[in-house]
Chemist: 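There's a structure below that I have some questions on.
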Amino acid sequence: MTDPIPSLPTAYDAAAIEASAQEFWQQNQCFKAVEDSAKEKFYCLSMLPYPSGALHMGHVRNYTIGDVVSRYQRMLGKNVMQPMGFDAFGLPAENAAIKHKVPAAQWTYSNIDYMRTQLKALGLAYDWSREVITCKPDYYRFEQALFIKLFEKGLVYRKNSVVNWDPVEQTVLANEQVSPDGRGWRSGALVEKKEIPQWFFKITAYAQELLDELDNLKDWPDSVKTMQRHWIGRSEGLEIDFALIDNAISDKLTVYTTRPDTLCGVTFISVAAEHPLAKHAAASNAELAAALADLSKGGTAEAEIEKAEKRGVALGIDAIHPITRAKVPIWAANFVLMGYGTGAVMAVPGHDQRDWEMASKYGLPITQVIRAPIDSGVDLTAGAYIDYGVCMNSGKYDGLAFKAAFEAIAADLSAAGRATRKVNFRLRDWGVSRQRYWGCPIPMLYRADGSSVPVPLDQLPVILPENVAFSGVTSPLKTDPNFINYTDPVTGEKLTRETDTFDTFVESSWYYARYCSPGANTMLDARANHWLPIDLYIGGIEHAVMHLLYFRFWHKVMRDVGFVSSNEPATKLLCQGMVVADTYYRQETEDGPKTYFTPTEVSVERDAKGRALRAILLKDSAPVVIGAVEKMSKSKGNGVDPQSMIDKYGADTVRLFSMFAAPPDQSLEWSETGVEGMHRFVKRIWRMVTEHLAAGATTGVFSNADATSEQKELRTQLHEAIAKVGRDVGERLNFNTAIAAVMELTNAISKFDETSDNARTLRQECWSAITLMLAPIAPHLCHQLWQMLGYRSLILDQPFPQAEACALVRDDVTLAVQVNGKLRGQITLAKSTANADIEAEAKIAVAKYLEGMTVKKIILVPGKLVSIVVA
RNA sequence: GCCCGAAUGGCGAAACUGGUAGACGCAGCGGACUUAAAAUCCGCCGGUUGGCUAAAACCACCAUGCCGGUUCGAUUCCGGCUUCGGGCACCA
C-alpha cells in the first residue's frame, strides 16, 4: 500500500500542484452532482455574487467556507451538490453604462467571465453545469410567469407609494444615491418624496407563517431569528375610529394603536403628508400645500426620517375623541409613514416620545393619563413617560393597569362600533417596481384607460433589450417605442408595456431552487424536491433580514403553487463576518478629505515589543496616520486583490489563511505576514512529508504492544487531533481551531525523532490522517500529498478520519487544585484513583494554604479539578 | 432614533456545558547553522505591581471594555453603562 514514489518532487510549487489538481478535477468531472436516492444528499450553498468586476476577499472567505463544508460532507459519504451563479441585474451595471458609455449587458458579461476564472483558480468544488446567470431570459422568464400567477391569485397588486425624487435630474434615486443630508448624489439637489404607482407582492399574507416558522429553524443563528421577528413585528392592538367634523371626503379617520390605555391622553392626531385627508385639505389651500411639500423634503430612508426633527403642520380639520367627545385637531407629521398601518396615528404626547417632541415644538397640550404603579411622580417636562402603568385622568378607567384598561376600552369601543381589535405587522408589502433599465421587465400591459392586464403567458418572456444606449440618466426603456408598444396578437388591441423592472431581490429569492432544476422548461421540476431544502446556506450577516426574508417568502409561494414540498428553503444558516484590514491616510486640514494609502505603499515602525509606533510613506519617507481597521474597500485603499495573493502564495495558502485567521462568524483581519506564516506551514508540511518518504517504506501495521511511551503519546495526540478536527469542521464550523489542532500535531511530529519501523509506520499514519483532515481546506496540496504517500485512490471520496477510542485513553490524569477558587497546585494521578485518595492528594499538594484553616467543602470535578473551600 | 451583534497580551485569536485565562499563529527578542544573507531549526515572549535578587529562577498580587451582582469558582450567567460594527424596506 505504500510503495515508494520513484522520483519525489523536492520544492513546494503551488502553481504546478494547483494547475494539475484542477485539471484532474475538470477532466474527470469530479464535482458534477447527480440525483442519487441511494445516498444521503447534502446541498451546500453560498450566496451568489454580484458581478462587480472582480472577486474580493469577502467572496473568497464565503466560498472557501462553503467549499470546506462541501468537501468534508463528501468525505462523510454524502452526495454533495454545490452550485454557483451570478446575481447579474443591478444598479452598478447601469451606473457603468451611464458613466462610461459601456452597455450594461457587456459590462456584466465580461465581469462574469473574469470572476468565473477567479473562482476556478480557488479550486472550488462547484458543479458548473448548474450555473445560473440571472440576467438571462432563460432564467427570468420563470419569475415573470410566477408574477402573473400571483397576480391572478391576488398576491400581487398595484398601489401608490413614495420614492426619492431628484427634482433636477427628474429621476427616482435609490437610498444609496441620497446623501445623508438628503441630497441627490449627482445633482446635489434636495430630494423630495414623490408618490408613484408601483407593483407589490403581498408578503404580509405570509407574515404569521414567516414568524411562526422561525421557531422551527433550529440551526439558524438566534440573532438572525430575533432580527426577523422584530422586522415582522407582530402586535396586537386596536383600530379606533375618530369621527370627523364636517369633512368632504370622509366621516371618520381610523388609527391603529397598541396602547389604547393611553386613549384619554390623545391631544391631536398625526397623519402622513401623503394621507388623503392632507392632500384634500391642501387642494384648496396653497399655503398648506407648500407646507406639506416642505414636510416631505428629504429621502425615504427610515433612519433619515427617524433622526430628523419631528415636524408637522395643522390641517385645519378636527376629529371627535371617541370617549371624551373633545375636539381633536389633525396634523400632518413628517415621521408618520403612509405605507404603515393606516397612515394615521393618535398622538399621546404624555406617553409617546415622538408625539411629545412634536407637541413641545408646536405648543400642543401634553396630558398625563398613566402613572407609575407605585406612584413615584412623573415629570412630563423632560420627556414622555412611555412605560406601562396605571390609568389616571381617564374617567371610569382610572386605576386600571395596562391589560385591564386595554380590555375595558376595547370592549366599550367595540360595543359602540368605534373600534375593532386588530393584529398588525410592522412588515410591509414588498414593493418590487424599479424605475430602472438593467432588471427583469415586469410583465404587465396597460390599456388606454389605464387599467392593467398581464402579458399573455404564451407571449413570455418579456425580453429586456440588451443593445441599448443611455442618452441621460433615465432608463432607455421609458422612451423605446419598440419595447413600449404592444399589439395583442389575438384582438389587435394596442397596449403599452410596463417599463419598470423588478427589484433584484426577486432574482436572488429563488436562484437556489433553480440550481436544482437546470434546463427545466418550467421554473422547477421534480429534481428540486430531491435537493431542497438547502442543508447549509452561507452568506454575510448584512442579509439577515431582507434577502433572507424574501427568500423564505418566495419558497412558501413556490410551495403554494406546487413547485416544492418543503416549508423552508434552508435548514441551517451560517452568517460569516466581514474581511477588514488596516488603513493608512493623510489629511491636509482637520475636516479636509483623507487620502488613503495601500499597505504596500507604507512602512510601519515598531518598538522592541512589536507595538506600532508610526508609519511612513515609502515614496517620500514622511509620516502617514495609522487609521482604524475597516471593512476592505477600494475607497479606503485597504482592499487586497485575491488574485495577487493566489499568484504569490497559491490558492491553498489563501484558503488556509482565510479559515485560520478568525472563526467564520467574526470579522477577519487580513494580514500579509499572517499569510506568509501560513505559507511557511504549507511548505513545512511538504518538507516533512518529503523527508518521511525519503526515510523508506513502512511496514503498514503499527504495533501497540511494541510501542515506546513516546510512540504511544504521539499516537494519542494524533487521535485527539482527529477527534477535535472532526468536531470543529463537522459540527462547530470552527475551521480556525481545526487548523490549529493540525499545527499542534505537526509540531509534535517534528519533535518525535524515532526511526524504527514502528515509528515510521506511526509517522505514515500521522501524515495520512493530516492529509485527509486538511483535504477540505487545502485540496490541491492534499490531492498531491495523497499520491506521494502512496495511495492510488481519489482523496475526494476517502472517508474522513475517525478517532480510535482506545488510542485516546491516557493512564494518568492531571487535576488542578483550587483553594477558595484560586489555583494553588496541580496533581497527576492514575486514572483509577478513588475520590477519597484524590482529595487527600489534593490537600497535600496545597497544604501550605490550608494551615490554620478549616476545610468547609471539597468540590470534585472529574478529570478537571479539585476545589477546596476553607474558612 | 429603532433592531441585532461584538469587545481577551504588541496583533489575529483559544478556552466547546460556570472549572487551570492566553492553545495555535503573527510580530518582537535571544541563539544555532552560514564567509554573509535568505531559508530553516531551537529557546523566550500579559503586567514600568510587589517581594527576594548582581541578574535570573522563584513567590505573591493584578489582568478578559467599564461599574455592580450571583457563585467555592465568572471571559462564560444577571443588571446597568461605554465604544465599535451590521441592518432599517430602491446598494447587493
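No hydrogens, no waters, no symmetry mates; every other heavy atom, side chains included, goes into these values. Convention: sequence-line order gives letters A, B, ...; per-chain numbering from 1. Small disclaimer: the values here were computed from a predicted structure and weren't measured.
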Chemist: Would you call B/G86 syn or anti, using the 90° rule around 0?
Modeler: anti

Chemist: Specify the separation, in whole Å, of atom CD of A/Glu744 and atom C1' of B/A13.
Modeler: 14 Å

Chemist: Any chance the rings of A/Tyr550 and A/Trp430 have centres within less than 6.0 Å?
Modeler: yes

Chemist: Could you pick out which residue, A/Ala661 or A/Arg824, lies toward the 5' side of RNA chain B when each is mapped onto its nearest nucleotide?
Modeler: A/Ala661

Chemist: Check every strand shown and say whether A/Phe505 touches a base, only sugar-phosphate, or nothing at a heavy-atom separation below 4.0 Å.
Modeler: base

Chemist: Can you check whether A/Phe502 and A/Trp199 have ring centres sitting under 6.0 Å from each other?
Modeler: no

Chemist: What interatomic distance, in whole Å, is found between C1' of B/G65 and the corresponding atom of B/U76?
Modeler: 16 Å

Chemist: Could you tell me whether a side-chain N or O of A/Glu195 sits under 3.5 Å from a main-chain N or O of A/Val162, the two making a donor and an acceptor?
Modeler: no

Chemist: Is there a side-chain contact (heavy atoms from CB on, under 4.5 Å) between A/Val869 and A/Ile858? Walk through the geometry before answering.
Modeler: CA-CA 6 Å; A/Val869 185; A/Ile858 296 181; over 6 Å; no

Chemist: Rounded to whole angstrom, note down the P distance from B/C16 over to B/A6.
Modeler: 15 Å

Chemist: Atom NZ of residue position A/Lys159 - does it have more than 12 heavy atoms of other residues, nucleotides or ligands inside 6.0 Å?
Modeler: yes

Chemist: Once pairs are restricted to Watson-Crick or G-U wobble with both distances under 3.5 Å, how does RNA chain B read as a dot-bracket string, [ ] for crossings and | for other-strand pairs?
Modeler: (((((((..(((......[....))).(((((.......))))).((.(((......)))))..(((((..]....))))))))))))....

Chemist: Quick one: which of B/A21, B/C72, B/A13 gets closest to the side chain of A/Lys857?
Modeler: B/C72

Chemist: Under 4.0 Å: is that the gap between some side-chain N or O of A/Arg354 and OP1 or OP2 of B/C2?
Modeler: no

Chemist: Regarding A/Phe660, tell me which of base, sugar-phosphate or nothing describes its non-hydrogen contacts under 4.0 Å with the strands shown.
Modeler: base

Chemist: B/C72 phosphate, OP1 or OP2: any side-chain N/O from A/Tyr849 under 4.0 angstrom?
Modeler: no

Chemist: Please tell me if A/His547 has a side-chain N or O lying less than 4.0 Å from either OP1 or OP2 of B/A92.
Modeler: no

Chemist: Answer with base, sugar-phosphate or nothing: what part of the nucleic acid does A/Leu865 contact at a heavy-atom distance below 4.0 Å?
Modeler: base

Chemist: Work out how far the P atom of B/C24 is from that of B/C61, and round it to whole angstrom.
Modeler: 26 Å

Chemist: Report, as a single string ordered 5' to 3', how protein heavy atoms within less than 4.0 Å touch nucleotides 75-89 of chain B: B base, S sugar-phosphate only, - not at all.
Modeler: ----------SBSBB

Chemist: Side chain of A/Ser867, base of B/C72: donor and acceptor closer than 3.5 Å?
Modeler: yes

Chemist: Taking atom P of B/G12 as reference, at what distance in whole Å does atom CG of A/Asp582 sit?
Modeler: 9 Å

Chemist: Could you tell me if A/Asn175 and A/Thr300 have a donor-acceptor pair between their side chains, going purely by distance under 3.5 Å?
Modeler: yes

Chemist: Say we look at B/C41 and B/G25: how far apart would their P atoms be, to the nearest angstrom?
Modeler: 11 Å

Chemist: Counting only N and O atoms by type, is there a donor-acceptor contact under 3.5 Å from the side chain of A/Asp87 to the main-chain atoms of A/Thr134?
Modeler: no

Chemist: Do A/Phe660 and A/Phe735 have ring centroids that are under 6.0 Å from one another?
Modeler: no

Chemist: Does atom NZ of A/Lys478 have more than 12 heavy-atom neighbours, drawn from other residues, nucleotides or ligands, at distances under 6.0 Å?
Modeler: yes

Chemist: Would you say A/Asn747 reaches B/G25's phosphate, i.e. side-chain N/O to OP1/OP2 under 4.0 Å?
Modeler: yes

Chemist: By side chain to side chain donor-acceptor pair (under 3.5 Å), which residues pair with A/Tyr140, not counting sequence neighbours?
Modeler: none

Chemist: Out of B/G12, B/G19, B/G25, which has the shortest distance to the side chain of A/Met743?
Modeler: B/G25

Chemist: Does a side-chain N or O of A/Arg684 approach OP1 or OP2 of B/A39 to a distance below 4.0 Å, or not?
Modeler: no

Chemist: It should be established whether A/Gln818 places a side-chain nitrogen or oxygen under 4.0 Å from OP1 or OP2 of nucleotide B/U20.
Modeler: no

Chemist: When rounded to the nearest Å, what value does the distance between C1' atoms of B/C67 and B/G87 take?
Modeler: 30 Å

Chemist: Could you tell me if the ring centre of A/Trp670 sits under 6.0 Å from that of A/Phe657?
Modeler: yes

Chemist: If only side-chain N and O atoms of A/Arg732 are considered, is one of them under 4.0 Å from the OP1 or OP2 phosphate oxygen of B/A15?
Modeler: yes

Chemist: Once you apply a heavy-atom cut-off of 4.0 Å, does A/Gln198 come out as touching a base, just sugar-phosphate, or nothing?
Modeler: base

Chemist: B/G5 and B/G9: how far apart are their P atoms, nearest whole angstrom?
Modeler: 23 Å

Chemist: Which whole number of Å gives the distance between the C1' atom of B/U17 and that of B/A56?
Modeler: 42 Å

Chemist: Describe the nucleic acid contact of A/Val870 in one word from base, sugar-phosphate, nothing, applying a heavy-atom distance below 4.0 Å.
Modeler: nothing

Chemist: Return the value, rounded to whole Å, for the distance between atom CZ of A/Arg680 and atom P of B/U40.
Modeler: 6 Å

Chemist: Look at the side-chain N and O atoms of A/Thr504 and state whether any lies under 4.0 Å from the OP1 or OP2 oxygen of B/A92.
Modeler: yes

Chemist: Give the rounded distance in Å between these two atoms: CE of A/Met659 and P of B/A14.
Modeler: 14 Å

Chemist: Rounding to the closest angstrom, what is the interatomic distance between B/G47 and B/U8 at atom C1'?
Modeler: 15 Å

Chemist: Give a yes/no answer on whether the side chain of A/Asn736 brings an N or O atom under 4.0 Å of OP1 or OP2 in B/G25.
Modeler: no

Chemist: Short question: side chain of A/Lys225, backbone of A/Ser223 - any donor-acceptor pair under 3.5 Å?
Modeler: no

Chemist: Please tell me which of A/Gln826 and A/Lys822 maps to the more 5' nucleotide of RNA chain B, matching each residue to the nucleotide holding its nearest heavy atom.
Modeler: A/Gln826

